[in-house]
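As the structure is a prediction and not an experimental result, all values here were calculated from the model. Labels below follow one simple rule: chain letters A, B, ... track the order of the sequence lines, proteins then strands, and each chain is numbered from 1.
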2 protein chains.
Amino acid sequence: MHRLGRRLQVPKGQTVVLEGDESLVVGNVIEGLLKLSVVSADGVEQIVGIAYPADFIGRPFGPSSGHSVTALVDSTLCVFPRRAFDAFTEEHPLLAQALLRRTLDDLDRARSWMVLLARKSAPARVASLLLDMNRRIARPGNRVVRLPLSRQQMADLLGLVIETVSRSMTSFKAAGFIDLPRGRLLEVRDLEGLERIASG
Amino acid sequence: MHRLGRRLQVPKGQTVVLEGDESLVVGNVIEGLLKLSVVSADGVEQIVGIAYPADFIGRPFGPSSGHSVTALVDSTLCVFPRRAFDAFTEEHPLLAQALLRRTLDDLDRARSWMVLLARKSAPARVASLLLDMNRRIARPGNRVVRLPLSRQQMADLLGLVIETVSRSMTSFKAAGFIDLPRGRLLEVRDLEGLERIASG
DNA sequence: CGCGGATTTGACCTACGTCAACACCCGTGG
DNA sequence: CCACGGGTGTTGACGTAGGTCAAATCCGCG
């Protein structure tokens with residue numbers, strides 16, 4: 001299957017799949033980080049998901065993609081032409097199976113994100129995101145991570161406004177839960193504290 | 001495939017799959033209406049989806065289900081024991097394919113619902129829901145439909161509070177977009193007007 | 001060093017949640 | 001037929017989380 005695909009380098013900021021277009025390619029993230037986003041009529045962007053390495057992107061079969069896919073940092077993908085992929089799937093049931101499992105997982109994640117958007121307070125949302133990113137990005141050894149998202153992007157993901165994100169973070173810092181040495185650097189100092197906020 | 005399944009009558013209010021349990025059955029909705037819901041630590045329920053006839057429910061493969069499935073009205077399902085289904089899937093690639101398509105559609109729908117929850121005003125959410133239910137339930141001929149959800153359930157679905165739902169609806173009625181003859185009856189009188197609200 | 005975009009901070013305002021009363025609908029039993 | 005009662009829906013008064021607008025500050029980069 002890997003023979004069908006080819007490596008694709010995507011520089012930061014470039015869009016791979018455009019909202020509303022038929023998805024021309026599908027593929028896996030090898031390295032990097034992409035956002036899945038929808039921009040509504042009034043120009044407000046909502047990020048509906050983040051694709052980490054090993055995640056699948058694109059919309060096989062049927063209709064057009066409901067969201068754009070854009071690289072947040074320089075990324076490398078393994079892509080397949082969509083139509084070839086659709087056909088390939090018919091002949092290789094295990095592929096469809098594997099993809100089905102992942103899609104079910106994605107669906108579960110989307111649904112729990114819905115709960116966050118519908119019910120949690122702004123600080124709880126921000127804390128959840130910080131924990132999630134810390135968990136997925138942290139390398140054992142260095143306790144400070146570089147956040148891959150700007151404040152604006154965090155806001156777009158959480159359904160908040162940039163000022164609210166900023167205020168939440170400085171309040172966490174004041175409470176000693178985190179440190180923000182500068183720019184996008186983050187150190188979690190009190191995981192439990194942050195978790196308590198996240199579940200409030 | 002239909003030979004594997006058996007009919008299951010589910011009275012209104014009964015739960016088929018419990019949040020956190022391994023899904024024991026999977027299946028299709030034949031008739032009726034079910035809610036998929038998560039209840040958080042503080043007892044607030046968030047409905048993460050509605051299953052209409054022909055929709056698939058339950059969680060094949062892997063882990064436990066992230067949400068409960070409960071009948072909103074008396075419903076009939078076509079269910080399969082989960083483990084048998086998992087095995088069956090391996091031998092019948094077309095089934096996995098079909099299910100994959102549906103799951104991708106569900107994922108798209110979940111994501112656009114995320115946009116609604118994250119960004120839309122309360123009246124816009126309510127209008128969206130009314131339009132959606134009107135579209136899916138209306139039979140040609142009778143212009144008034146009986147809403148299958150209580151105000152409380154609408155609120156749980158929209159991430160609002162019951163009073164806000166009620167207020168939005170009476171304001172739509174005052175504006176002449178809808179009529180609420182009594183109880184759960186709804187007549188949409190100005191589709192365009194409602195759509196305008198829904199996209200605000 | 002100086003510019004331009006990101007981030008923070010502050011003052012203010014409003015949509016929506018909260019709490020509490022009230023009205024409606026429909027069944028039951030007198 | 002009417003009185004009663006509980007569940008569901010509506011309305012009102014009020015408080016606050018978080019949005020808006022504007023200014024100050026930080027930071028990366030040529």
Notebook entry, point to check: Taking atom OG of A:S121 and atom CD1 of A:I197, what is their separation to the nearest 0.5 Å?
Noted result: 8.0 Å
Margin query: Assess whether a salt bridge exists between B:D105 and A:R59, defined as any Lys/Arg side-chain N lying under 4.0 Å from an Asp/Glu carboxylate O.
Written below: yes
Item checked: Smallest separation among heavy atoms of A:R143 and A:V188, with atom names -> NH2-O, 2.9 Å
Next item on the list: Would you kindly give the NZ-to-P distance between B:K120 and D:dG19, to the nearest whole Å?
Entry: 18 Å
Check: Picking from B:L147, B:V145, B:L186, what satisfies side-chain contact (heavy atoms from CB on, under 4.5 Å) with B:M133?
Finding: B:L147
Next item on the list: Specify the separation, in whole Å, of atom CD of A:Q153 and atom P of C:dG5.
Entry: 16 Å
Check: So how far is it from B:M154 CE to B:S168 OG, rounded to the nearest 0.5 Å?
Finding: 9.0 Å
Next item on the list: To the nearest Å, give me how far apart CD1 (A:I162) and P (D:dG19) are.
Entry: 12 Å
Next item on the list: Measure the distance from CG on B:L147 to P on C:dC25 and round it to the nearest whole Å.
Entry: 16 Å
Checklist line | Nearest-angstrom distance from the residue atom CG of B:D42 to P of C:dT18 | finding: 10 Å
Check: Atom CZ of B:R119 and atom C1' of C:dA15: how far apart are they, to the nearest Å?
Finding: 16 Å
Check: When every nucleotide of nucleotides 24-30 of chain D is labelled 5' to 3' by its protein contacts under 4.0 Å (heavy atoms), B for base, S for sugar-phosphate only, - for none, what sequence of letters results?
Finding: ---SS--
Item checked: Atom-pair distance (CG on A:L149; C1' on C:dA6), nearest Å -> 14 Å
Next item on the list: Considering non-hydrogen atoms only, spot the tightest contact between B:G5 and B:C78 and give its length.
Entry: CA-SG, 4.3 Å
Next item on the list: Mind listing the residues from residues 163-170 of chain A sitting with a heavy atom below 4.0 Å of DNA chain C? Number order is fine.
Entry: A:E163, A:S166, A:R167, A:T170
Notebook entry, point to check: What distance do A:D156 atom CG and A:I47 atom CD1 have between them, rounded to the nearest 0.5 Å?
Noted result: 5.0 Å
Next item on the list: State, with a plain yes or no, whether a side-chain heavy atom of A:S75 is found less than 4.5 Å away from one of A:L34.
Entry: yes
Check: When all nucleic acid strands are considered with a 4.0 Å heavy-atom cut-off, which category describes B:R184: base, sugar-phosphate, or nothing?
Finding: sugar-phosphate
Note to self: As a test of understanding, state which of B:Q152, B:Q153, B:K35 forms a side-chain hydrogen bond (donor to acceptor under 3.5 Å, both in side chains) with B:E45.
What the structure shows: B:K35
Note to self: How many whole angstroms separate atom NZ of B:K173 from atom P of D:dT10?
What the structure shows: 8 Å
